[in-house]
Every structure is written in structure tokens, then in C-alpha cells.
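A quick write-up on the structure given underneath.
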2 protein chains.
Amino acid sequence: MAVVSVQQALAGGIAAGSEVTVRGWVRTRRDSAGLAFVNVSDGSCFDPIQVVATESLANFDNEVKKLSAGCSVIATGTLAASQGKGQKFEIQATSVEVVGWVEDPLTYPMQPKQHTLEYLREFAHLRPRTNLFGAVTRIRHCLAQAIHRFFHEDGFYWVNTPIISTSDAEGAGQMFRISTLDMMNLPRDAKGQVDFSKDFFGKEAFLTVSGQLNVEAFCLALSKVYTFGPTFRAENSNTTRHLAEFWMIEPEIAFADLNDDANLAEKFLKYVFQAVLNERMDDLAFLAERVDKTAITKLETFIAAPFERIDYTDAVSLLQKSGHKFDFPVEWGLDLQTEHERWLTEVHVGRPVVVMNYPEQIKSFYMRLNNDGKTVAAMDVLAPGIGEIIGGSQREERIDVLDARIAQFGLDPEHYTWYRDFRRYGTVPHAGFGLGFERLVVYVCGLSNIRDAIPYPRAPGLATF
Amino acid sequence: MAVVSVQQALAGGIAAGSEVTVRGWVRTRRDSAGLAFVNVSDGSCFDPIQVVATESLANFDNEVKKLSAGCSVIATGTLAASQGKGQKFEIQATSVEVVGWVEDPLTYPMQPKQHTLEYLREFAHLRPRTNLFGAVTRIRHCLAQAIHRFFHEDGFYWVNTPIISTSDAEGAGQMFRISTLDMMNLPRDAKGQVDFSKDFFGKEAFLTVSGQLNVEAFCLALSKVYTFGPTFRAENSNTTRHLAEFWMIEPEIAFADLNDDANLAEKFLKYVFQAVLNERMDDLAFLAERVDKTAITKLETFIAAPFERIDYTDAVSLLQKSGHKFDFPVEWGLDLQTEHERWLTEVHVGRPVVVMNYPEQIKSFYMRLNNDGKTVAAMDVLAPGIGEIIGGSQREERIDVLDARIAQFGLDPEHYTWYRDFRRYGTVPHAGFGLGFERLVVYVCGLSNIRDAIPYPRAPGLATF
């Protein structure tokens, strides 16, 4: 008797007639004369396995016929080709051991019916038992593995940049402060301000908004590096597109310009989407049926198409000449809004687009100033159905230009001493991009709320677990 | 002309006589009559490649002969079997382009000599350019990849548990508070206390100390799950063994007991150590020469030996009868200290040991109470040379016992409502363990200070980047 996962039992690698044991949670039970059909899921794949129990089992009446959704069982029996529709194998049980009952089946929060996503968000500790969140969790895992594998195979090294930061990477504010000071008894300095020299790190500290600046220093030593870790934004916006805590992927490449960056972004996205198609067709099929009918075709189309590249200046012209009525103004010097991005990628090109070389004043200080003096070597990758999915840039490697940009943006040069420092010694052109991991999950799964793309969402009012 | 990494150029996969370009940073330059031997590293592997430049190059006198450690170059030439000792290939340059100079070679902080680790810690943005931190970064990457691969191949799903937490997982205190309240103008409630209902999440929030409780909920849906993410401890201890911010790996398995847990720990450690031996022998050889002469043999021995398992009660007897004089007392009911652990694993057994079933009062509330009523199903994996490397337990799956333990430990049941909740519905025996990723890096690299095992160390006084 071998203990196997439901995935293994269903995959066809175990000969029919073998004695197997599966362990998991009941999804449904259906009774027939002297028989009970119990669907058991262990989360290893989308499908549960059907366990056929007969009245010959000693606990058939007392236990098997009382099983309800959520009960945990260990079922042993013969793996057999199934007569039923939609499943290749079933288990003809010689034993069904009930490990854990459901306290009150009528009030079990994960009833075998469709719950609203709002309802499920209140049960982040139970929602992985549903079809949807099982699928999202497995796809999320598949994406994460593919991301690490892609970079590893391409010669990148993973660098985990600091979560606790004493500088504001983007100069963009909205950071969470971290502290161990007693808030009822704050130390004060001579001016009456909070004396952070008494705090844990001897200075004010925050949660990072990006690992980019830190990983750049490693790029100028190891050439190809990436981060994959959590970042934080204290934006008080209760929207379907923002999380206070989310994971970011930030590769950085040395001896590289914006074109290399765009090439990397294209290769990267296609690799990870291909991995989902290869490995999680079971979950994608469910999502295509219930959540987003393009769940599979969207990825297939994405992989088949070469990305289009458009200069920002040309993009503005195209939008202005489109004849389409947009809510937000289109004008050189203004940032593109989601409606503009989606028109470009969905209507104008019909496949992913990389918009390049944005006006310098709407982008970050660290982006490389182009020779025109008006634009920076920045790019956004836009995908049909979602808009911007990746943002990246070539970094300003010239120390004099960087200094001027820090001054122009009104940033405190003190905070960037180390950041300019590694450019003093063998600086090289380098480039990188960043993307939100949950945004990738939202795109692949066709979710409409980013809070459903992370196991335990953190957003205003959502940190209860 | 193909751009290749130094690793590719040295690996033997490119035919001698091929025209190649490498890009990287100068490590050393040595001159000979009409020749310059420039060692170039790009971080892709331990070894630099020797670029041989002759005076026939147009910029030989003006530039090549002025190259110093840290300068960035693009070198093109013919890949040739090397006459030199210790390297198989070199590049006979037809062009050496200097991309970035070192501002003042005499004050370049990463001189080609051995710096103290204390000195290098002040230059976390430059130390990856040294042999040691290049090696540590690559080994760290290799370990991280092997960890994800091990779990993936074994059917586990990665779950990223929350970093921001509103409950204290271990009931162990020493957490960092996160807040967006204006510290100069804190809102107060009717009792004069800080009114956290006005804070970002509407309640007091902290940085997590462990993802275990959260991942358990996913374990009871997906059977085999793991976390790999940052955790935080605000311990004000300025030691060589503590970091304020570090990464943890926490697998959790359903339908499993403490023996399954110990089996998983053994299989896991052997897998990741084998990966380092397979993939990073270049870096290990350097570490064996400079840092820890057992760097290679230690891992080989570890993998070859089956782990010993000893009951805590027996371990105490063994220690008491050892005749060895310990600094700390040995007595049933007291926790084992590092000196005890190291005696057990190094002197008594001579290989890794799993100590199992500790007294309940010295372990956490969530560990499963054994039938003796005195011990819990907890384990520590001890390794020669370091002591405890993994801590794990079977979790208390019985809701009545868990409730009694929460009360016994004086914990607020309110904080554990959701944690007890998923045991109400199909509870199962489950087990897991946790290990600090940096501790693994310290062990493999033979480092003596954990601050050298993470790219940017966070500890009291160390958060300057």
C-alpha cells in the first residue's frame, strides 16, 4: 500500500489495480444504493479523486454516510479506471478512515457552492480549500518557480535586498515607519522632535518600496542579478489594484541599454507564461470556465506575438490621431493613463507593446537622460487586458549627470552617497525593470481584484490574520 | 564575435580559437615586456579570465597600462588555451575598451588585498566585488535555488505568508512596530493610550517573526506547503549570531507526525548541500583555502551520514554521564545550550543528530502534547560545527488541547481565533520545521559572523544602505 498524492493517482503513472492510499479533504459526497461516492482533494492538483465506498465497509453507515465537505479522510483501495465522466481513475475503497470531522456541517464556511470573493476574503485561512483559491495558489507557485528558474538558467544571481530601509528609494514617500520606541513615552531631542537616534537602528527606518538601488550595487559586481521579495506602499487607497504589501521582481543587467532591457522583459514574460501553460493546464481550464474565458488563449497569444516597440513621442501622436475619446488628456509631457495604454496594446497593435523614452520630468531621477536632454531611457511594457505590466529603465551611470538629477529632483544627496559611490569605480551602462508579482498573478488568473492574488491580503482594513 | 560570460569562456564549451568578447571589472594587472596581463571578473563564476594585451593595441600605453582594480572593460579577442598556471583559457585581445575608470585608484576601497570583514561590512555596496563576497553571493543563490527546487520536485507549493502582522505568532515579543501615524501628533483614545484604530490597518501592526501559523492554514488545504521569506526580530543583541532581518524557510506537511518531519529535514538538508557541491565547487575551493578548511569535506560527510535520532530525555542522560564539564547546567526540564548540542553531535555521535520530544514547558504552545503529558513532539536538528540548524514540531491539531495550551501560556485567545478555527473543520495531524536561511549560509561558507551571510545586514547600528 503506497501513500500517493491525488495528482499522482490521477496522472496515469500508477497502474490500474494497484493498492493506494490517498489523504485529503472531502469536497462532496453522493450516495447511491449501498454506495457512496466521496470526492477527496488534497490540493496537489485541481481535480479531486472519486473514492467509491460500499456498504461492506464496517464504518459505512456510521461514518462514511455522514461525511460532509471539509472532513479529512485517509482512503485506501484499488486504483481503477473510472466509469464516471471527466475522471480517468477512481479508488475502490477497502478502508475510509475519518481523521477529522467538521464541527457543524451546516455552518462550515466553505460550503460546496460558489461564494462571493468578498465573502472569501474574510476567510483567508479557509479559502485555499476552494477550487478558485487552490488554483490561484498553484499558479502563483508555478509562476514563482518559473521566475527563479528563468533567471537561474540565464546566469542571474538572486540578491535579497533589505526590507528595512533608512532611505526612500524612489523619493516618493508613502512609506511605513518601523520603530521599537515606546509610543507612550517617545524620546525627544533638543528641538522637541522625536529622537530617532534612540531607536533600534539609531535613525528613522521604513519598509522598503523597492530593492532596485541596492541591487544595482550587486549588478556592478556580478553583472546579472535579480531581486524577488516583498515591498510596501502605505498608499491609503482602497482600490482593486493596490496592496500595502506585495512582492516585486527586479532584474538588473550590466553592460546593457534600454533595448537589452526590453529584450529581457519579453523573454522573461514569455518564459513564465509558457511555464504556466506547460504545468497548470488543469487550473487554467477551470479559470477559463469560471473566471476569464481567455485564460488560456490570452497566454498562448502573448507567447506567439513579438512585442511591438513604440517611442513615447510616437505613442502620443498615435493617441492624438486615434479619434478615440479618452477621459484623460493626451499631450507630450503627460504620463500615459491605463486607458491610453490599453488602446495602444489592444486596439492599435493587438499585442504587447513596449513604450520607450519618456519625458524626463515624469520619470525617476535614476533613469538615464537621453541625448535629446528631454527624455529618459525608460520603458513600460503594456499587455492587452491589463495595461502596464512592467516598468524599467536604463540607469544613469554618469556620476555628474546623476548628481545634477538628484539636485533637480530636490532630493537629499546625503541619502544617495553610497548609490553614487559605486559609480565612482568602474561605472558601466546598466538597466533593469520591476514588476509586481501579484499583478502577474492577476493577469494570468484573470482576477479583477489584486487582493485575491496574494494568500493573505494587506490593505487598509485587511490585515486581520 | 560573441559576448560570453567569463564562466562560459572558462568552462570549455567554446572552442579555442573562437573570437569572443567578455565584459567585467579588472581584478589585477601585471606587465611584462610589451604585454599586459589583465584579470577580468564579471562575477559569473569565481575565477577571472586573463586577458593578454599586447603593445600593438592602439590604447596600450594610454589606457591598458593604466588599468587598475575596479575599472570596467570590454575585451575582445581570441579564446586560447592558456600557458599560465591555474587557468585553462585566456583571451588574446584584439581590443580592450575601457568603459569606466576608478576615480582615484589609491583610495579605491576594494584594493586587491585581504580586507578585514569589519572593514568590508562598512562597504556592503562594494564588497560583492571581493572574492569572498562574490563566493558567498553565488553560494547563497545556489542554496536558494536548491531550496525552491527541492520543494517543487517534492510536490510542495510556495506560500508567501504576511510580513505585516497584527498578531504575535510565537507570543514571544520583541517585534518591530509598523505605523503611519504622525509621531509628533499621536491620536489618543479616551484612556489616553495611543489610538491605533486611526493607524493604517485600524489596529496595532508589527513585522512578522514567523510565517508558520499562517502557512498551517494552507497546509490543511494543499497538504504540502512551504514559506521562504523574510522575518524580523527586534532583539537588541549585538552578536555574531543574530540579525534583525533574516530569511526563513518553513515547510509544513499534513497527515504527518514528528518522524515524518525529521525525515523531511534530513532529505532537505542533504539535497541542498549536494546542490552546492554539484554547482559551486569553485567557490567552495576558495572558502576551503581561506575561510574554513572543512568547507568541502564538511558537506560531503554531512550527506554521507544518516542522521542519529535521540530522545531529549536520553540526551540529558548522555550529557550528564559524559564526564564533560559544561558551563551551563544539564538537567531534565532545561533547554539544551549550544555547548550541549555540539557535544552531542560532534563528540558523542560524530554526525547530525535529531533531538526529539522536549519538555513541554520550554517549548511553544502550538507543539503537540505527547501522551506522557510532560513532553511535546518537538525536534531540533543539530549539526557538527554549528549546533542547532533546524527546529520543528508536530503541531497540536486537537482543538481542546490547543485551547488549554493557549490558556496555560497566558496568551490572548482573541489573537488565535482564526488559528484554532481551521482545526474545527477536518483537522489532521501536521508537522513542520523552520530554519534561518542565513544560518545555512553561515554553515556552508564557514563564516563566523552572520552579518556576512546577507547582502545588506540589518542589526543594531547596521542599516545604513
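Note that the coordinates shown come from a computational prediction; the quantities given were computed from them, not determined experimentally. Quick note on labels: first sequence line is chain A, next is B, and so on, each numbered from 1.
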Using a cut-off of under 4.5 Å for heavy-atom pairs, which of Pro455(B), Ala217(B), Ser223(B), Gly70(B) has the most such pairs with chain A? Pro455(B)
Those residues at least two apart in sequence (or on a different chain) that pass salt bridge (charged side-chain N to carboxylate O under 4.0 Å, His left out) with Arg23(A) are none
Chain B interface, residue from Ser44(A), Gly426(A), Cys142(A), Gly43(A) that has the most non-hydrogen pairs under 4.5 Å: Gly426(A)
So how far is it from Phe133(B) CZ to Phe218(A) CZ, rounded to the nearest 0.5 Å? 9.0 Å
Smallest heavy-atom separation, Pro162(B) atom then Tyr456(A) atom, equals CG-CB, 3.5 Å
Taking side chain as C-beta onward, heavy atoms only, is Leu207(A) less than 4.5 Å from Leu207(B)? yes
Can you sort out the partners of Phe151(B) under ring pair (Phe, Tyr, Trp, His ring centres under 6.0 Å), two or more places apart, ordered by chain and number? Phe156(B), Tyr226(B), Phe268(B)
If I take atom CD1 from residue Ile178(B) and atom CZ from residue Arg177(A), how far apart are they, to the nearest 0.5 angstrom? 11.5 Å
Highest number of heavy-atom pairs under 4.5 Å with chain B: which of Val428(A), Asp104(A), Asn214(A)? Asn214(A)
Measure the CD-OG distance between Glu397(A) and Ser72(B) for me, rounded to the nearest 0.5 Å. 9.5 Å
Chain A heavy atoms under 4.5 Å from Ile164(B): which part of the residue, side chain, backbone, both or neither? both
Given that the side chain runs from C-beta out, which part of Leu220(B) has a heavy atom under 4.5 Å from chain A: side chain, backbone, both or neither? both
Pairs of heavy atoms under 4.5 Å with chain B: top-ranked of His141(A), His148(A), Gln8(A): His141(A)
So, the part of Ala69(B) with a heavy atom under 4.5 Å from chain A: the answer is neither
Of Ala234(A), Gly155(A), Gly202(A), Cys71(A), the largest count of non-hydrogen pairs under 4.5 angstrom with chain B goes to Ala234(A)
Under 4.5 Å, counting heavy-atom pairs only, tell me which of Thr417(A), Val194(A), Val73(A), Ile163(A) racks up the most with chain B. Ile163(A)
Quick check on Arg127(B) against chain A: is it the side chain, the backbone, both or neither that has a heavy atom closer than 4.5 Å? neither
Toward chain A, the part of Ala254(B) with a non-hydrogen atom under 4.5 Å: both
Measure distances from Pro230(A) to the heavy atoms of chain B and classify the residue's part below 4.5 Å as side chain, backbone, both or neither. side chain
Relative to chain B, which of Tyr108(A), Phe437(A), Phe123(A) shows the most heavy atom pairs under 4.5 Å? Tyr108(A)
Rounded distance [0.5 Å steps], CZ in Arg458(A) versus CZ in Phe200(B): 11.5 Å
Whether Tyr157(A) side chain and Thr137(B) backbone form a donor-acceptor pair below 3.5 Å: no
Going through the distances and angles, do Tyr425(A) and Ser68(B) end up as a side-chain contact (heavy atoms from CB on, under 4.5 Å)? CA-CA 10 Å; Tyr425(A) 314 115; Ser68(B) 63; over 6 Å; no
Using a cut-off of under 4.5 Å on heavy-atom pairs, state which of Ser5(B), Gly24(B), Ala205(B) scores highest against chain A. Gly24(B)
Would Phe201(B) and Phe176(A) count as a close aromatic pair, with their ring centres under 6.0 Å? yes
Does a side-chain heavy-atom distance below 4.5 Å link His152(A) with Glu279(B)? yes
Is there a side-chain contact between Asn160(B) and Glu438(A) (heavy atoms, below 4.5 Å)? yes
Would you compute the distance between atom CD of Glu103(A) and atom CG of Asp421(B) and round it to the nearest 0.5 angstrom? 8.5 Å
Lys224(A) versus chain B, heavy atoms under 4.5 Å apart: side chain, backbone, both or neither? neither
Please state whether the side chain, the backbone, both or neither of Arg423(A) comes within less than 4.5 Å of a heavy atom of chain B. neither
Could you look at Leu186(A) and say if it's the side chain, the backbone, both or neither that has a heavy atom under 4.5 Å from chain B? side chain
Please examine the side chains of Phe196(A) and Met183(B), heavy atoms only from C-beta on, and report whether any two atoms are closer than 4.5 Å. yes
Evaluate the side-chain proximity of Leu222(B) to Arg138(A): yes if any heavy-atom separation is below 4.5 Å, no if none is. yes
In terms of heavy-atom pairs under 4.5 Å with chain A, which of Glu216(B), Arg149(B), Glu235(B) leads? Glu235(B)
Part of Ser179(B) lying under 4.5 Å from any heavy atom of chain A: both
Would the number of heavy atoms belonging to other residues, nucleotides or ligands and lying under 6.0 Å from CD of Glu414(B) be above 12? no
Rounded at 0.5 Å granularity, tell me how far CD in Gln193(A) sits from CE in Met184(B). 4.5 Å
What part of Leu126(B) gets closer than 4.5 Å to chain A, counting heavy atoms only: side chain, backbone, both or neither? side chain
Plane angle bin for Trp418(B) and His125(A) - parallel if under 30°, tilted between 30 and 60°, otherwise perpendicular: perpendicular
Once you measure the plane-to-plane angle for Trp247(B) and Trp158(A), does it fall in the parallel (<30°), tilted (30-60°) or perpendicular (>60°) bin? perpendicular
